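Reviewing the structure listed below.
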Amino acid sequence: MKQASPAHIEIERKFIPKHLPDNLEQYPCHEIEQAYLCTNPTIRIRKMNDSYFLTCKSSGLLAHQEYEMPLTREAYLHLREKADGLFITKQRYRIPLDKSHVIELDIFHGSHEGVTLAEVEFSSAEEADCFIPPDWFGEDVTYDSRYHNSEMSRGALASHPARS
């Protein structure tokens, strides 16, 4: 089993894309299933392709502390039975933006079919504040907690226009 990653500060901005980029199939894609054992503090389990993780996150909209530990498949399946709320299933495309940034484009399925979010991580809040998004990015929802996956698992977007 891999060692746990050290805690780090995750600084990201989130957007609702106006449309999807062309030729999505050319980018790396991960199949993700995740669920929450707790949303305050955030404790998440995730299956990404054939890897499994337990993640703890502090509160925060733009920036939060994140600590991730690997799980075995068996541990993931055991914890999966204890999850609260809706499961999040999505495809995540990793699209290079520039030399130091990658767009993580999440296309949701299941209970969140029709929701699409684009996220970009930054090394500082100042860098995040100065970010000029690509033309295909739409509304900035960084500070709208409904677009945090933990809130989505509790039904936060059940009737939101982003689903159209």
Side-chain angles (χ1 to χ4, degrees), residues 2-49 51-71 85 88-109 112 114-154 156-157 160-163:
K2 294 180 188 175
Q3 292 293 323
S5 67
H8 76 278
I9 301 296
E10 182 179 61
I11 302 166
E12 63 186 5
R13 289 191 46 199
K14 295 181 182 214
F15 300 84
I16 300 172
K18 296 178 202 172
H19 58 82
L20 298 179
D22 293 332
N23 304 315
L24 256 183
E25 65 281 351
Q26 71 181 326
Y27 302 111
C29 180
H30 301 287
E31 296 291 331
I32 295 175
E33 174 188 81
Q34 63 191 43
Y36 293 82
L37 303 176
C38 183
T39 56
N40 190 16
T42 300
I43 302 173
R44 174 189 75 204
I45 56 170
R46 174 183 278 174
K47 175 184 185 279
M48 185 164 61
N49 298 335
S51 298
Y52 306 88
F53 304 94
L54 173 75
T55 304
C56 301
K57 292 185 177 194
S58 66
S59 61
L61 296 174
L62 173 69
H64 51 267
Q65 191 171 37
E66 181 176 273
Y67 182 78
E68 188 170 84
M69 297 180 298
L71 292 174
I88 304 285
T89 56
K90 58 188 176 181
Q91 290 175 291
R92 172 169 287 168
Y93 291 89
R94 294 187 46 84
I95 304 169
L97 180 60
D98 56 36
K99 288 182 181 180
S100 55
H101 299 97
V102 172
I103 299 165
E104 291 184 336
L105 177 66
D106 288 344
I107 300 173
F108 291 81
H109 300 291
H112 299 91
V115 175
T116 305
L117 293 174
E119 301 177 356
V120 179
E121 285 193 31
F122 302 93
S123 57
S124 71
E126 294 78 22
E127 181 186 14
D129 288 340
C130 293
F131 176 66
I132 299 171
D135 290 342
W136 60 274
F137 278 29
E139 180 184 357
D140 184 340
V141 293
T142 302
Y143 295 100
D144 187 338
S145 63
R146 294 174 299 171
Y147 293 93
H148 281 244
N149 284 211
S150 59
E151 291 298 316
M152 290 170 62
S153 77
R154 299 170 63 191
L157 292 181
H160 197 265
R163 297 191 65 151

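All residue numbers in this chain count up from 1 along the given sequence. Keep in mind that what you see is a predicted model, and the values were worked out from it rather than measured.
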Show me the pairs that pass ring pair (Phe, Tyr, Trp, His ring centres under 6.0 Å) and involve residues 89-108, at least two apart or across chains.
H101-F122
Student check: side-chain heavy atoms of [X] and [Y] closer than 4.5 Å:
{"X": "P133", "Y": "D140", "result": "no"}
{"X": "W136", "Y": "I103", "result": "yes"}
{"X": "N23", "Y": "P21", "result": "no"}
{"X": "M152", "Y": "V115", "result": "yes"}
{"X": "T42", "Y": "N149", "result": "no"}
{"X": "S58", "Y": "Y67", "result": "no"}
{"X": "L105", "Y": "Y27", "result": "no"}
{"X": "D106", "Y": "I88", "result": "no"}

Is there a side-chain contact (heavy atoms from CB on, under 4.5 Å) between Q91 and E31? Walk through the geometry before answering.
CA-CA 5 Å; Q91 290 175 291; E31 296 291 331; 3.2 Å; yes
Look at K57 together with E10 and state whether they make a salt bridge at an N to O cut-off of under 4.0 Å.
yes
Pairing of E151 and R146 as salt bridge, 4.0 angstrom limit:
no
Please assess L117 against I16 for the test side-chain contact (heavy atoms from CB on, under 4.5 Å), listing each intermediate value before the final yes or no.
CA-CA 5 Å; L117 293 174; I16 300 172; 4.1 Å; yes
Show your reasoning for whether side-chain contact (heavy atoms from CB on, under 4.5 Å) applies to Q34 and K90.
CA-CA 9 Å; Q34 63 191 43; K90 58 188 176 181; 4.0 Å; yes
Give a yes or no on whether the backbone of G85 and the side-chain of S153 come within a donor-acceptor separation of less than 3.5 Å.
no
Nearest heavy-atom neighbours spanning R154 and T39:
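That closest heavy-atom pairing would be NH1-OG1, 3.4 Å.
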Taking salt bridge (charged side-chain N to carboxylate O under 4.0 Å, His left out) as the definition, give me every residue that meets it alongside E104, ordered by chain and number, with sequence neighbours left out.
R92, R94
Does N49 have more than 12 heavy atoms from other residues, nucleotides or ligands lying within 6.0 Å of its CG?
yes
Got a sec, which residues hit ring-ring contact (aromatic ring centres under 6.0 Å, His included) with H109, two or more places apart in sequence or on another chain?
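With neighbours one apart ignored, the set is empty.
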